[in-house]
2 protein chains.
Amino acid sequence: MTGKDDFDLQYFLPYLLNQAAEEASIAFQKVYKSRYGMLRTEWRVLFHLGRYGAMTATDIGERARIHKTKVSRAVQRLEDRRFLTRERIAVDRRSERLELTATGQTAYRELSQVAQDYDRALMSEFSAEESEMLKRLLVRLAK
Amino acid sequence: MTGKDDFDLQYFLPYLLNQAAEEASIAFQKVYKSRYGMLRTEWRVLFHLGRYGAMTATDIGERARIHKTKVSRAVQRLEDRRFLTRERIAVDRRSERLELTATGQTAYRELSQVAQDYDRALMSEFSAEESEMLKRLLVRLAK
DNA sequence: ATGTAATAGTTGATTTTGTAACTAACAACA
DNA sequence: TGTTGTTAGTTACAAAATCAACTATTACAT
């Protein structure tokens, strides 16, 4: 015991953030997993395409900070399930334009709505100022 | 476009928490990974034993909310590296008392110090009130 | 034009996690 | 004592993440 041993894991920010993230994610995860058989990365890719429109895999990776192999596999699975289509881009045939199908858009709208409701429920634990503050601080941390 | 499409992933709490957690964890992760070849669960187990003294795997799992298979594997690896010892408990021979070796304690002290410094550096982005508020809100979220 | 480097995306090998089933020990109770 | 149920911890197998190497294409410099 060195005298500096009063440091508690409870208050170590990375630990705290991970615990909170896990706790906050779990119930929503069950929705996209059970209802659509989706993984987290797939839900994110779906969301990006639904919310911001057609784009390439690299675009998604940059926006969402997801590694390209994860994006690649998520796109593959979403295509298998007919949630999106790919189209080689003429001016740069290495990349492809990803776009949601009607099915994909429906899934996006439904999940997006669930997410909004879920978010509101989570935030209802806090006052308006607290919610605002929390998100603001988290945005700063996430850079 | 339904009119409710103004919902942005940026402000979806689970997403935000995950991004912040990832960002906040990465640099510290490199320390225990490169310096001790440890995984996150191993660092947590080590920390619990160092901070709170000898206990069983179940105790650790409950305190840190880690599933028993993860604890089991972390303990195994920590034992392999001579960071801890096991001893069957006489009154209940199913469970074992886990205790850090001298090597384990040294690693704990060093990592614990790094963690404290790291935490302070992270929090230095914020004012004292903001830091306090952030942690308080996160504790509530993590339940 | 041609060689070299960079980029988009995929694939394969390895590591790590998650889930379920398992063994061993204990508890409770007829 | 024997039966049934529970708990501590491990193991096996499947699912997923990580990392490096790979193909195809484009960009750039000579």
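Chain A is the first sequence line, chain B the second, and so forth, proteins listed ahead of strands; every chain is numbered from 1.
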With a cut-off of 3.5 Å and sequence neighbours excluded, list every side-chain donor-acceptor pair involving residues 66-73 of chain A.
unit_1: A:His67; atom_1: ND1; unit_2: A:Thr69; atom_2: N; d: 3.2
unit_1: A:His67; atom_1: ND1; unit_2: A:Thr69; atom_2: OG1; d: 3.3

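- At C:dG9, none of the side-chain N or O atoms of A:Ser72 fall inside 4.0 Å of OP1 or OP2 (strictly under the cut-off).
- More than 12 heavy atoms of other residues, nucleotides or ligands lie within 6.0 Å of CD in B:Gln76, so this atom counts as buried by the packing criterion.
- Here the C1' atom of nucleotide C:dG18 and the CD atom of A:Glu22 are 12 Å apart, to the nearest Å.
- A salt bridge links A:Arg140 with B:Glu130: the distance from a Lys NZ or Arg NE/NH1/NH2 to an Asp or Glu carboxylate oxygen falls below 4.0 Å.
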Under 3.5 Å, side-chain donor or acceptor atoms of residues 26-38 of chain A against the rest of the protein: list the pairs with distances, not counting sequence neighbours.
unit_1: A:Ser34; atom_1: OG; unit_2: A:Lys30; atom_2: O; d: 2.7
unit_1: A:Arg35; atom_1: NH1; unit_2: A:Glu110; atom_2: OE2; d: 2.3
unit_1: A:Tyr36; atom_1: OH; unit_2: A:Glu110; atom_2: OE1; d: 3.0

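- Between A:Tyr15 and B:Phe47, the distance from one ring center to the other does not fall under 6.0 angstrom.
- In this structure, the side chain of A:Arg51 does not engage the main chain of B:Leu9 through any donor-acceptor pair within 3.5 Å.
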What does the list of N/O pairs under 3.5 Å between the protein and nucleotides 17-20 of chain D look like, with a distance for each?
unit_1: D:dT18; atom_1: O4; unit_2: A:Arg73; atom_2: NH1; d: 3.0

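- Distance A:Arg97 CZ to C:dG9 P: 13 Å, rounded to the nearest Å.
- Non-hydrogen atoms lying under 4.0 Å from DNA chain C are contributed by A:Arg86, A:Arg94, A:Ser95, A:Glu96, all within residues 77-96 of chain A.
- Scanning residues 57-66 of chain A for heavy-atom distances under 4.0 Å to DNA chain C yields A:Ala57, A:Thr58.
- B:Glu79 meets the side chain to side chain donor-acceptor pair (under 3.5 Å) test with B:Arg86; sequence neighbours excluded.
- Both A:Met133 and A:Leu141 belong to a single network of hydrophobic side chains, linked directly or stepwise wherever heavy atoms of I, L, V, M, F, W or Y lie under 4.5 Å apart.
- Summarising the geometry, the separation between CE on B:Met38 and C1' on C:dT16 is reported as 17 Å, rounded to the nearest angstrom.
- By the 4.5 Å heavy-atom criterion applied to side chains, B:Met123 and B:Asp119 are counted as neighbours.
- A straight line from CD of B:Gln76 to P of D:dA12 spans 12 Å, rounded to a whole angstrom.
- Residues B:Arg63 and B:Met55 have side chains in contact (heavy-atom distance under 4.5 Å, counting atoms from C-beta outward).
- B:Val114 and A:Tyr11 fall within a single hydrophobic cluster, where Ile, Leu, Val, Met, Phe, Trp and Tyr are joined by side-chain heavy atoms under 4.5 Å apart, directly or via other members.
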